[in-house]
Engineer: 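Take this structure first; my questions come after.
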Amino acid sequence: MSEHVKTEVADGVMTVTLQRPEKKNALTTAMYDAMSNALERAETDGSIRVVLFQGDGDSFTAGNDLADFASQANGANSVEGGAHHFIDTIGKARKPLVAAVQGNAVGVGTTMLLHCDLVYLAENARLITPFVNLALVPEAASSFLLPLRIGHARAYAMFALGEPMEAAAALACGLANAVVPQTELRKKAHDAAIALTKRPAGSLSLTKQLMRDHERIAARMAEEGSLFKERLKTPEAREAFAAFAERRPPDFTKFQA
Ligand code: COA
């Protein structure tokens, strides 16, 4: 388990709270593992009817820990497990998933929302998928699910230009259920989770299954996963991670097209 992920179960709701606010809840391998374990437990534990994700501090999550990406890029750490397993697990979840998002939701912080069933945003929420800026490719089947949800043009701007999607725009284009003041965010999401606990679990699970093309999602995750692994080891990706660590903009022009 990770000291940076707290899991609590009460009244049929498993609440998974990211607790690494000093690093904007950037996700380490241990944090991904804790989140995967929580989701796996929820699938088999009859006392859990809904899973609710939230993050402490001013950001939901800054996405994958970029120091971890850098060590995967230079081969010091395995690319398998961690993020890969979490994405696979959230893609297969059968129970309802609810998310409460404030501040920045970067990378997997946004792509995981495409696998959540109810998403609540604070007014300051910003969804950011800077995969191309990091010389990577989209993950978590987001290359399929995001354009499906918001159209190619908006999805491409988010992926290729790293354009943030502000809360109001995210609500307008179907990425969220409601935007609320930050002080009301957790209550809004928790109330929704409690409402789901009172619905027939079998019916909820089948409805979710009918609404999602599991085969297609899994196939796209596999395709993205192998490209992502290749891209992680490219000189461009190494430049992007070094630039973040050195707090400077990356220079991709030194690499040939
Ligand atoms: N991985 C590792 N550390 C991260 C991180 C990440 N993804 N995101 C933020 N941090 C760390 C910073 O290095 C900094 O650490 P320090 O205080 O030890 O220097 C701390 O969290 C605060 O981040 P900072 O950049 O100062 O906060 P900010 O409010 O100015 O900006 C973000 C917040 C999220 C916009 C910015 O940190 C960011 O762009 N992070 C990278 C996001 C990213 O590309 N994720 C990968 C997606 S695939």
Side-chain angles (χ1 to χ4, degrees), residues 2-5 18-35 53-74 76-77 79 81-87 90 99 101-115 121-143 145-146 155-167 170 182 221 224-234 236-252:
S2 163
E3 57 182 307
H4 298 303
V5 177
L18 306 178
Q19 293 189 318
R20 200 187 176 208
E22 69 286 1
K23 295 285 183 189
K24 311 289 173 188
N25 294 324
L27 298 168
T28 60
T29 301
M31 291 170 75
Y32 280 121
D33 288 346
M35 292 161 76
F53 287 102
Q54 59 188 22
D56 283 353
D58 63 14
S59 285
F60 177 60
T61 169
N64 204 103
D65 189 297
L66 288 172
D68 277 10
F69 268 167
S71 63
Q72 288 162 0
N74 66 29
N77 248 328
V79 177
H84 186 79
H85 183 53
F86 171 68
I87 285 166
I90 198 169
V101 177
Q102 82 286 2
N104 294 302
V106 191
V108 74
T110 287
T111 61
M112 68 181 278
L113 303 180
L114 300 168
H115 300 276
L121 303 178
E123 287 159 341
N124 69 351
R126 302 172 88 215
L127 310 184
I128 315 173
T129 51
F131 298 111
V132 170
N133 287 344
L134 293 168
L136 300 170
V137 292
E139 30 93 296
S142 60
S143 62
L145 294 171
L146 192 61
Y156 190 81
M158 287 183 74
F159 287 139
L161 298 176
E163 269 184 13
M165 171 82 77
E166 305 292 336
Q182 186 164 351
M221 280 181 181
E224 289 170 345
S226 67
L227 294 171
F228 199 98
K229 270 184 244 171
E230 281 175 27
R231 292 297 312 170
L232 261 180
K233 303 206 184 252
T234 58
E236 286 104 326
R238 285 203 199 103
E239 162 64 10
F241 307 144
F244 180 76
E246 292 159 21
R247 292 191 169 267
R248 62 168 172 83
D251 176 10
F252 297 121

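Below, each value reflects all heavy atoms present in this structure, side chains not excepted, and no hydrogens, waters or symmetry copies. Each ligand, and each atom within it, is numbered from 1 in the order the structure gives.
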Engineer: Examine the side chains of Asn124 and Gln182 and answer whether a donor and an acceptor come within less than 3.5 Å of each other.
Structural biologist: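 Gln182 and Asn124 do have a side-chain donor-acceptor pair below 3.5 Å.
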Engineer: If only atom types and distance count, is the side chain of His4 paired as donor or acceptor with the main-chain N or O of Gln19 below 3.5 Å?
Structural biologist: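 Checking the backbone N and O of Gln19 against the side chain of His4, a donor-acceptor pair under 3.5 Å is found.
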Engineer: Mind checking whether Asp68 contacts ligand 1 via backbone (N, CA, C, O), side chain (CB onward), both or neither, at a 4.0 Å heavy-atom cut-off?
Structural biologist: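 No part of Asp68 is near ligand 1 at this cut-off.
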Engineer: What class does the angle between the rings of Phe159 and Phe131 fall in, given that below 30° is parallel, 30 to 60° is tilted and above 60° is perpendicular?
Structural biologist: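 Tilted: the ring planes of Phe159 and Phe131 meet at 30° to 60°.
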Engineer: So which protein heavy atom does atom 6 (C) of ligand 1 come closest to, and at what separation?
Structural biologist: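 Going by distance alone, atom 6 (C) of ligand 1 is nearest to Ala26 CB, 3.5 Å.
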Engineer: Just to confirm my output: which protein heavy-atom neighbour is closest to atom 15 (O) of ligand 1, and how far is it?
Structural biologist: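 Atom 15 (O) of ligand 1 sits closest to the protein heavy atom Lys23 NZ, 3.2 Å.
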Engineer: Could you check whether Asp56 pairs with Arg20 (Lys NZ or Arg NE/NH1/NH2 to Asp/Glu carboxylate O, under 4.0 Å)?
Structural biologist: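 Salt bridge flag = no for Arg20 with Asp56.
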Engineer: Under 4.0 Å from a heavy atom of Val106: give me the atoms of ligand 1 that qualify, with their elements.
Structural biologist: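 By the 4.0 Å cutoff, the relevant atoms are 42 (C), 43 (C), 45 (N), 47 (C).
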Engineer: Do me a favour and list the nearest non-hydrogen protein atom to atom 38 (C) of ligand 1 with residue, atom name and distance?
Structural biologist: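 Protein heavy atom with the smallest distance to atom 38 (C) of ligand 1: Phe244 CE1, 4.0 Å.
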Engineer: Considering only protein heavy atoms, which is closest to atom 20 (C) of ligand 1, and at what distance to one decimal place?
Structural biologist: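 Here the closest protein heavy atom is Glu22 O, 3.5 Å.
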Engineer: Using a distance threshold of 4.0 Å (strictly less than), state whether atom 31 (O) of ligand 1 has a protein heavy-atom neighbour.
Structural biologist: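 There is no protein heavy atom less than 4.0 Å from atom 31 (O) of ligand 1.
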Engineer: Show your working on side chain to side chain contact (heavy atoms under 4.5 Å, CB included) between Leu18 and Met35 and close with a plain yes or no.
Structural biologist: CA-CA 9 Å; Leu18 306 178; Met35 292 161 76; 3.8 Å; yes
Engineer: May I ask you to check whether Thr111 and Glu139 show a side-chain donor-acceptor distance below 3.5 Å?
Structural biologist: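 Yes.
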Engineer: Give me the residue, atom name and distance of the protein heavy atom closest to atom 1 (N) of ligand 1.
Structural biologist: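 Among all protein heavy atoms, the one nearest atom 1 (N) of ligand 1 is Leu66 N, 2.8 Å.
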Engineer: Give the residue, atom name and distance (to 0.1 Å) of the protein heavy atom nearest atom 7 (N) of ligand 1.
Structural biologist: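 For atom 7 (N) of ligand 1, the nearest protein heavy atom comes out as Asn64 O, 3.0 Å.
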Engineer: Kindly indicate, with the supporting measurements, whether the criterion side chain to side chain contact (heavy atoms under 4.5 Å, CB included) is fulfilled by Leu27 and Asn64.
Structural biologist: CA-CA 5 Å; Leu27 298 168; Asn64 204 103; 5.6 Å; no
Engineer: Between Ala62, Gly107, Gly63, flag the one that comes closest to atom 45 (N) of ligand 1 by a heavy atom.
Structural biologist: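 Of the listed residues, Ala62 has the closest heavy atom.
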Engineer: What is the nearest protein non-hydrogen atom to atom 19 (O) of ligand 1, stated with its residue, atom name and distance?
Structural biologist: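 Minimum-distance protein heavy atom for atom 19 (O) of ligand 1 reads Arg247 NH2, 3.2 Å.
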Engineer: Name the option, out of Lys24, Arg126, Glu139, that contains the heavy atom nearest to atom 29 (O) of ligand 1.
Structural biologist: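 The nearest heavy atom belongs to Lys24.
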Engineer: Give me the nearest non-hydrogen protein atom to atom 35 (C) of ligand 1 as residue plus atom name, then the distance to 0.1 Å.
Structural biologist: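 Going by distance alone, atom 35 (C) of ligand 1 is nearest to Asn104 ND2, 3.8 Å.
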Engineer: Output yes when Arg248 and Glu239 qualify as a salt bridge under the 4.0 Å nitrogen-oxygen rule, no when they do not.
Structural biologist: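 Salt bridge between Arg248 and Glu239, a charged N being under 4.0 Å from a carboxylate O: yes.
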Engineer: Salt bridge or not for Asp58 and Lys24, using N-O below 4.0 Å?
Structural biologist: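 Looking at Lys24 together with Asp58, the answer is yes, because their closest N to O distance falls below 4.0 Å.
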Engineer: As an exercise, identify every atom of ligand 1 less than 4.0 angstrom from a heavy atom of Leu134.
Structural biologist: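 Listed by number with element: 44 (O), 46 (C), 47 (C), 48 (S).
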